[in-house]
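This report refers to the structure that appears directly beneath it.
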Amino acid sequence: MNYPVWYLPETGGGFLIALIAILHVFVSHFAVGGGLYLIYSEKKGLREKSEAILDFTKRHARFFLLITMVFGSITGVGIWFIIALVNPAATSYLIHSFVFGWAAEWVLFVVEIAAAFIYFYMFGRMDSATHILVGWVYFIAAWLSLLLINGIIGAMLTPGVWAENMSFWAGFFNPSFFPSLFFRTFIAIMIAACYGYFSASLTKDQDVREEMTRFSAKWALAALILAIPSGIWYVSVLPEPAQALVMGKSPTVSSVVPWGLGGTVVLTIIMLGAGIFRADRNLKPVAFITLLCGLAIIGSFEWIREAARRPYVINEVLYSNSIYKADVEQINSSGYLKEALWIENKELTPENRLNAGEELFIQQCYACHTLRGGNNDIASLTEKMSHNALTKYIGRIHEVRYFMPPFAGTEKEAAALAAYIIGGVHGKDVVVADSAPPSGENVGQSLFEDHCSACHAPEDLKDAVAGQGGPELVQMLKTLDELSDEMEPFGGTDTEAGELAAYLEKLNRGGE
Amino acid sequence: MDPLLIPQPDTIPVSWGWFQFLLLLTFPLHLLAMNAMIGGLLIGLVQHVRGGTVRKQLAHRIAIALPLVIAFVVNFGVAPLLFLQVLYGQFVYSSSVLMGSFWLLIVPVLIIAYYGAYLYDFKFRALRGFGPVLGIFVLLLLLLIGFFFSNNMLLMSLPERFTDYFSVKNGTLLVHNEVEFWPRYLHMMCGAIAIGGLFVGLLGKFKKDDNPALAAHSENIGIITFNLFTLVNICIGFWYFLSLPEVQRKVLMGGSIPATAMFAIALLLITGMLFTGLKKQFWLTFSHAVGLVFVMTFMRSWVRSSYLEEFFTLDTLQVIPEYSPMLFFFVTLLAGVACMAWLLKQTYEAMD
């Protein structure tokens with residue numbers, strides 16, 4: 001609300017962040033683990049007095065340089081750019097809170113660049129002991145970079161007391177600092193091993209190919225095994241709501257878990273079958289699949305970590321839509337349009353209702369919802385809702401779905417937002433409900449809108465309630481949690497349950 | 001003009017002067033590296049196209065250095081952008097969003113340019129006639145990035161343009177139609193070519209005993225380029241000065257004593273630089289030029305403060321004191337400098 005929103009309705013900023021971030025972390029973790037891999041690969045070549053392994057190491061160092069220095073470092077800047085474009089308020093908050101952490105990370109970045117270039121360009125032109133030391137300088141700088149970034153982004157998920165006292169060190173050494181650091185370190189080594197495995201597949205010398213394939217497979221499997229307990233430790237320190245989201249309450253998380261698990265299983269099979277036992281089976285397509293597995297594992301981890309913060313972008317401080325938690329009460333009383341800065345329709349009138357509603361959509365919903373785009377398309381999610389149902393849903397949105405931020409604004413603004421979606425997006429008539437309390441047949445419909453319409457359109461439930469009488473439906477309403485984990489038992493009175501059951505019963509009789 | 005479209009700034013942990021100091025310390029490093037990149041590549045391309053043994057050797061040497069130079073342009077750009085965001089976040093985040101589509105485009109453009117630079121380096125001979133074509137393509141991409149940066153840096157200084165957001169929400173607002181845009185951009189790029197000439201001279205001095213002809217040619221071409229483009233840039237600089245709003249011009253002409261003093265020092269350095277440049281005194285010219293880049297950066301900072309004075313001054317930033325992270329940064333910086341010194345020493349000894 002403090003900053004303008006870069007509005008690309010069909011694309012959505014979230015998609016762009018995910019795209020850049022996932023590709024970046026896949027390379028940036030390689031940049032950390034790869035340093036260690038190069039050192040031990042070179043040491044292996046020296047120990048075994050194998051020129052062929054040293055040649056492999058040099059070729060891999062060139063590949064490493066091209067991937068990490070270009071794609072890795074520029075997409076790193078890219079993440080900074082995209083988060084500042086999509087969520088400038090959160091970025092500003094993080095930059096201002098941790099500026100000297102970022103600045104220290106920049107120093108390490110300078111050292112990384114210099115050491116990486118020297119390591120590659122001086123390969124074979126420097127005495128081995130010094131060359132290995134250069135490799136260590138690179139790896140330590142890269143790992144310390146990871147440590148610094150881990151501390152800062154960890155504060156976004158598990159702020160601990162930082163959310164209250166804003167102390168740099170409290171935020172940096174947040175509750176997930178150590179588990180996340182261990183987990184990321186092992187994942188970095190695992191990814192480096194995937195890249196090493198890939199490099200091995202490109203090697204023409206059969207002996208070296210098999211030797212380095214086995215070497216890479218051992219690294220990958222060891223790192224994977226060590227990542228499991230640190231991952232469990234990581235989840236155990238998350239706040240309760242975040243744990244619930246990670247364990248299945250968030251559809252966003254549920255959608256990527258199979259990718260992460262699938263990647264882990266396939267990678268383990270390949271590293272065992274076409275690595276440890278039959279290194280000769282490391283063919284280019286197989287090696288490419290290991291890279292995809294590494295991408296799936298780190299990508300799903302980052303996706304889950306992001307989703308676990310919901311409804312916040314900085315846990316307990318700033319909601320995903322850039323509204324400070326502390327400001328919501330004030331906004332609810334005076335109105336979002338009045339309080340927010342980058343708003344054209346500062347006063348809500350009957351004439352500007354759709355335009356103001358669109359501004360509310362852009363400011364409060366667009367952070368997670370596209371408009372007729374691929375990611376959480378608001379049009380398809382609301383196509384069966386009425387204006388009245390949507391207005392009521394917006395008022396209870398955080399209560400119904402914890403991972404969505406509460407609507408911040410007045411009831412009239414919630415109605416304007418609903419009017420924009422129903423009238424402006426769907427082109428339906430916006431029928432404003434009577435402000436008088438519902439009576440007679442309307443009671444059941446009103447209860448439905450209050451309690452069910454967030455997830456269900458009436459016509460969708462016809463089959464589910466077909467053939468059931470009032471008492472059975474009342475019983476079902478009271479035990480909805482037995483039908484699905486995502487539902488809770490109906491929370492109204494017995495009379496209300498009866499009214500709602502009567503409404504549901506009428507659905508198949510055309511009486512909705 | 002709607003001054004209300006300026007976001008509330010976040011608090012800072014130490015006095016704004018520290019950030020200003022760090023900004024003014026690191027930004028010239030980025031500029032010097034950027035100048036080496038743009039100017040060096042342009043000179044390398046001209047040498048490559050003109051042909052001949054020594055010229056091609058020079059072009060190849062520049063091509064080899066280019067990826068490393070790009071890496072440091074990016075790296076040295078990170079720190080000043082960080083400190084700029086701390087001091088002027090409410091302006092630069094807003095302006096970045098207003099031109100978001102172009103601002104983000106910098107990332108893929110830079111990746112393509114960077115890989116192009118590596119290809120130009122690794123396949124310099126194999127590319128034959130296509131080499132210069134590739135180099136020109138890379139140069140154009142880098143100039144495009146500079147164009148986007150100039151847009152953003154000017155837009156952040158013009159909050160009165162922020163209301164354009166209501167008609168352009170898709171991040172495609174540019175300000176190249178502002179009267180000071182083109183002289184500002186051309187002043188920066190022309191200066192880059194001039195200083196790039198000195199970088200080329202410096203590059204030729206590397207292992208000069210191995211190839212004295214290359215060293216002499218590099219220094220000669222470098223200083224000629226420097227002299228020529230400095231003369232052109234003086235004209236562009238004058239145009240830029242005249243294009244500035246009257247208030248900002250006055251800041252440099254007595255309105256602010258320190259800014260005016262800096263302007264006077266800059267003029268003295270330019271005079272000295274031209275004198276030593278025409279006499280082909282390389283190191284004296286080089287040291288004048290480096291000093292001038294720092295002084296120009298300070299002047300630029302005053303002009304920006306003047307642009308924004310109506311809306312914001314740095315001393316209004318609220319400080320919630322916490323000094324230990326800054327100490328941690330300085331210790332890291334010292335350790336980093338020590339590491340760099342060790343790395344360079346080992347490399348130098350190995351090459352010797």
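Lettering follows sequence order; numbering is per chain, from 1.
- With chain B as partner, the option from A:A104, A:P4, A:A114 having the largest number of non-hydrogen pairs under 4.5 angstrom is A:P4.
- A 4.5 Å side-chain heavy-atom check between B:V97 and A:V5 finds every atom pair outside the cut-off.
- Proximity of A:F81 to B:S96: side-chain heavy atoms (C-beta onward) are nowhere separated by under 4.5 Å.
- Two residues are said to be in side-chain contact when any heavy atoms from C-beta on lie closer than 4.5 Å; A:V77 and B:L81 fail this criterion.
- At a 4.5 Å heavy-atom cutoff, the contact between A:I118 and chain B is made by side-chain atoms alone.
- With rounding to the nearest 0.5 angstrom, the CD1 atom of A:I140 is 8.5 Å from the SG atom of B:C339.
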- Message: Does A:W169 form a ring-ring contact (aromatic ring centres under 6.0 Å, His included) with B:F328? I'd like the steps, not just the answer.
- Response: CA-CA 11 Å; A:W169 300 110; B:F328 164 70; 5.6 Å; yes

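- Taking A:S334 as the reference, A:Q330, A:E339 meet the side-chain hydrogen bond (donor to acceptor under 3.5 Å, both in side chains) condition, with sequence neighbours excluded.
- In this structure, chain A has no heavy atom under 4.5 Å from any part of B:V92.
- Heavy atoms closer than 4.5 Å to chain A are found in the side chain of B:L22, but not in its backbone.
- Proximity to chain B is limited to the side chain of A:Y121, based on heavy atoms less than 4.5 angstrom apart.
- Residue B:E349 places its CD atom among more than 12 non-hydrogen atoms of other residues, nucleotides or ligands, all under 6.0 Å distant.
- When every heavy atom of B:V78 is checked against every heavy atom of A:W80, the shortest pair comes out as O-CH2, 3.5 Å.
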Contacts under 3.5 angstrom, residues 6-16 of chain A side chains, donor-acceptor by atom type, not counting sequence neighbours:
from	atom 1	to	atom 2	distance (Å)
A:W6	NE1	B:S101	OG	3.2
A:W6	NE1	B:N170	O	3.0

- Could you go step by step and tell me if B:W342 and A:V134 meet the side chain to side chain contact (heavy atoms under 4.5 Å, CB included) rule? CA-CA 9 Å; B:W342 181 83; A:V134 171; 4.0 Å; yes

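- A:V99 is not listed as a side-chain neighbour of B:I12, based on a closest heavy-atom distance of 4.5 Å or more.
- Taking every heavy atom of both residues into account, B:A71 and A:I113 meet most closely at O-CD1, 3.7 Å.
- Considering B:F19, B:W18, B:Y323, B:F330 in turn, B:F19 is the only one that fulfils the ring-ring contact (aromatic ring centres under 6.0 Å, His included) rule with A:F100.
- Comparing A:A84, A:G78, A:S92, A:P88 by heavy-atom pairs within less than 4.5 Å of chain B, the highest count is held by A:S92.
- In terms of heavy-atom pairs under 4.5 Å with chain A, the best-connected choice from B:G171, B:G336, B:A79, B:G89 is B:A79.
- For the atom pair CG of A:L94 and CG of B:D10, the computed distance is 9.5 Å after rounding to the nearest 0.5 Å.
- Within the model, atoms OG of B:S167 and CD of A:E344 stand 8.0 Å from one another, a figure rounded to the nearest 0.5 Å.
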Validation: residues 115-122 of chain B side-chain donor-acceptor distances under 3.5 Å, sequence neighbours left out:
from	atom 1	to	atom 2	distance (Å)
B:Y115	OH	A:L66	O	2.8
B:Y120	OH	B:H48	ND1	2.8

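- Annotation: side chain of A:M166 is not in contact with side chain of B:I320 (no heavy-atom distance under 4.5 Å).
- If you measure heavy-atom distances from A:S97 to chain B, you find no contacts under 4.5 Å at all.
- When every heavy atom of B:L5 is checked against every heavy atom of A:W342, the shortest pair comes out as O-CZ2, 3.2 Å.
- Side-chain atoms of A:W106 and B:L82, non-hydrogen and from C-beta on, never get closer than 4.5 Å to each other.
- Atom OG of A:S73 sits about 8.0 Å away from atom CG of B:L110, to the nearest 0.5 Å.
- Atom OH of A:Y3 is separated from atom CD1 of B:I6 by 11.0 Å, given to the nearest 0.5 angstrom.
- Between B:Y93 and A:I95 there is a side-chain heavy-atom pair separated by less than 4.5 Å.
- With a threshold of 4.5 angstrom between heavy atoms, A:M126 approaches chain B through its backbone and through its side chain.
- Nearest heavy atoms, B:P13 versus A:H96: CD-O, 3.8 Å.
- For a residue to count as touching a neighbouring chain, one of its non-hydrogen atoms must lie under 4.5 Å from one of that chain's; by this rule B:V86 touches chain A with backbone and side chain alike.
- Contacts between A:F117 and chain B at a heavy-atom distance below 4.5 Å involve the side chain alone, from C-beta outward.
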- Item | Worked check of side chain to side chain donor-acceptor pair (under 3.5 Å) between A:W102 and B:Q85 | CA-CA 12 Å; A:W102 294 117; B:Q85 290 188 1; over 6 Å; no

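- Of all the heavy atoms in B:T332 and A:V107, the pair that sits closest is O-CG1, 3.5 Å.
- The environment of A:F173 atom CZ is dense: over 12 non-hydrogen atoms of other residues, nucleotides or ligands sit within 6.0 angstrom.
- Heavy-atom pairs under 4.5 Å with chain B peak, among A:T75, A:I20, A:V111, at A:V111.
- Contact of the B:Q346 side chain with the A:H131 side chain is not registered, since no non-hydrogen atoms from C-beta on lie closer than 4.5 Å.
- Only the side chain of B:M340 comes within less than 4.5 Å of a heavy atom of chain A; its backbone N, CA, C and O stay farther away.
- Of the listed residues (A:A89, A:A141, A:A103), the one with the most heavy-atom contacts under 4.5 Å to chain B is A:A103.
- Closest approach of B:A350 and A:R125 over heavy atoms only: CB-O, 3.6 Å.
- Contacts of residues 357-365 of chain A with chain B at a heavy-atom distance below 4.5 Å involve A:E359, A:I362, listed in sequence order.
- By the 6.0 Å contact criterion, NZ on A:K346 is enclosed, its count of non-hydrogen atoms from other residues, nucleotides or ligands being greater than 12.
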